[in-house]
Amino acid sequence: GAVVSQHPSRVICKSGTSVKIECRSLDFQATTMFWYRQFPKKSLMLMATSNEGSKATYEQGVEKDKFLINHASLTLSTLTVTSAHPEDSSFYICSATNYRDISNTIYFGEGSWLTVV
Amino acid sequence: QKEVEQNSGPLSVPEGAIASLNCTYSDRGSQSFFWYRQYSGKSPELIMFIYSNGDKEDGRFTAQLNKASQYVSLLIRDSQPSDSATYLCAVTDTGNTPLVFGKGTRLSVIA
């Protein structure tokens, strides 16, 4: 199967600082990547859809100025949590689809645990 | 609004038994159907996908799809304690639209 890599897997930052999370498709080109957030024991929540070369589409209730998404190439999307606060502490997961795969299978990265102190 | 429904569980089965996980979806335009397994604190991992009516088998796993009933299921034969996890059903109409996830069913396989 296709491989999606996220970095860092864990990060701790101080309140008020910004944190960048990278999502890479290692062996395929991904025109579309998705960013999810998951709080402990809760369901996955879609934050935004990231399209290569264009602006991300954010889900209702997700602040686009706080969660900056850049998808500058077919293999890399980044999520930057700006002015992070403790309530932003969560598990952030990206996923990507190989546009050449007719099954439309979506593969997940390993996830990134963010702790804001 | 597109919805995917799953029983939250927990579903408890003895080791060696068949675990049956069910899922219904609301959007008749859905084309691809996925089952993911998520261990606590980890990212979802793909188990199977199916997009044609009928059964699809892969090892101990069988996915079943009935588009007329808008129903997808996953059977796990010879369940093992290592199968204990949350199983997420997800559907999409195209690869460029987000997956719509169910809330997941927690499976517990008891040794």
Side-chain angles (χ1 to χ4, degrees), chain A residues 1-7 9-10 21 23 25 28-52 54 56-60 62 71 90-113 115, chain B residues 1-10 23 25 27 29-53 56 58-59 61 63 65 72 84-108:
Chain A
V3 179
V4 177
S5 177
Q6 264 184 260
H7 179 81
S9 57
R10 290 184 179 273
I21 301 170
C23 177
S25 55
F28 65 98
Q29 293 182 326
T31 53
T32 305
M33 291 184 173
F34 306 97
W35 287 95
Y36 293 84
R37 178 169 55 182
Q38 187 176 35
F39 293 105
K41 299 188 186 300
K42 298 294 184 183
S43 302
L44 284 165
M45 290 176 51
L46 178 67
M47 298 177 68
T49 301
S50 168
N51 295 299
E52 186 267 336
S54 64
T57 302
Y58 290 82
E59 295 299 299
Q60 191 172 7
V62 178
H71 192 162
S90 187
F91 191 41
Y92 291 86
I93 313 172
C94 73
S95 66
T97 182
N98 183 351
Y99 74 98
R100 293 184 177 180
D101 183 352
I102 60 172
S103 73
N104 298 324
T105 300
I106 295 176
Y107 298 92
F108 284 88
E110 309 96 322
S112 300
W113 281 102
T115 303
Chain B
Q1 178 150 350
K2 300 176 183 178
E3 293 182 345
V4 176
E5 298 286 341
Q6 293 181 257
N7 286 326
S8 61
C23 170
Y25 60 95
D27 181 14
S30 299
Q31 297 293 320
S32 300
F33 307 85
F34 304 89
W35 284 99
Y36 290 87
R37 176 174 61 195
Q38 186 175 26
Y39 292 110
S40 180
K42 300 293 185 182
S43 184
E45 57 178 320
L46 180 68
I47 297 176
M48 292 187 70
F49 67 86
I50 185 169
Y51 49 83
S52 299
N53 275 325
K56 180 180 179 182
D58 184 0
F61 301 98
L65 173 62
V72 192
S84 299
T86 296
Y87 288 80
L88 302 169
C89 172
V91 305
T92 186
D93 46 11
T94 73
N96 292 324
T97 55
L99 286 170
V100 180
F101 279 94
K103 294 187 183 299
T105 298
R106 191 157 56 90
L107 173 66
S108 178

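Below, all heavy atoms of this structure are taken into account, side chains as well, without hydrogens, waters or symmetry copies. To find a chain, count down the sequence lines: A is the first, B the second, and so on, and within it residues start at 1.
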Centroid-centroid under 6.0 Å between Phe101(B) and Phe108(A) rings: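 They qualify: ring centres under 6.0 Å apart.
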Give, for atom NZ of Lys42(B) and atom CH2 of Trp113(A), the distance between the pair rounded to the nearest 0.5 Å.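 The CH2 atom of Trp113(A) is 9.5 Å from NZ of Lys42(B), to the nearest 0.5 Å.
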More than 12 heavy atoms of other residues, nucleotides or ligands under 6.0 Å from [atom1] of [X]: is that the case?
X         : atom1 : result
Met48(B)  : CE    : yes
Asn7(B)   : CG    : no
Arg106(B) : CZ    : no

Examine whether an atom of Gln6(A) lies under 4.5 Å from a heavy atom of chain B, and if so say whether it belongs to the side chain, the backbone or both; otherwise answer neither.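 Neither part.
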At their closest point, which heavy atom of Tyr36(A) faces which heavy atom of Pro98(B), and how far apart are they?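 Looking at all heavy atoms of both residues, the shortest contact is OH-CB, 4.5 Å.
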Looking at Gly111(A) and Ser43(B), what are the two nearest heavy atoms and their distance?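 Looking at all heavy atoms of both residues, the shortest contact is N-CB, 4.2 Å.
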With a 4.5 angstrom heavy-atom cut-off, is it the side chain or the backbone of [X] that approaches chain A, or both, or neither?
X         : value
Lys103(B) : both
Leu88(B)  : side chain
Leu99(B)  : both
Gln38(B)  : side chain

For chain B, which of Pro40(A), Ser43(A), Ala30(A) has the most heavy-atom pairs under 4.5 Å?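 Most heavy-atom pairs under 4.5 Å with chain B: Ser43(A).
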Passes side chain to side chain contact (heavy atoms under 4.5 Å, CB included), Tyr36(B) versus Leu44(A)? Steps please. CA-CA 12 Å; Tyr36(B) 290 87; Leu44(A) 284 165; over 6 Å; no
Counterpart residues, ring-ring contact (aromatic ring centres under 6.0 Å, His included), relative to Tyr58(A) (two or more places apart):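 So Tyr58(A) forms no ring-ring contact (aromatic ring centres under 6.0 Å, His included) with any residue.
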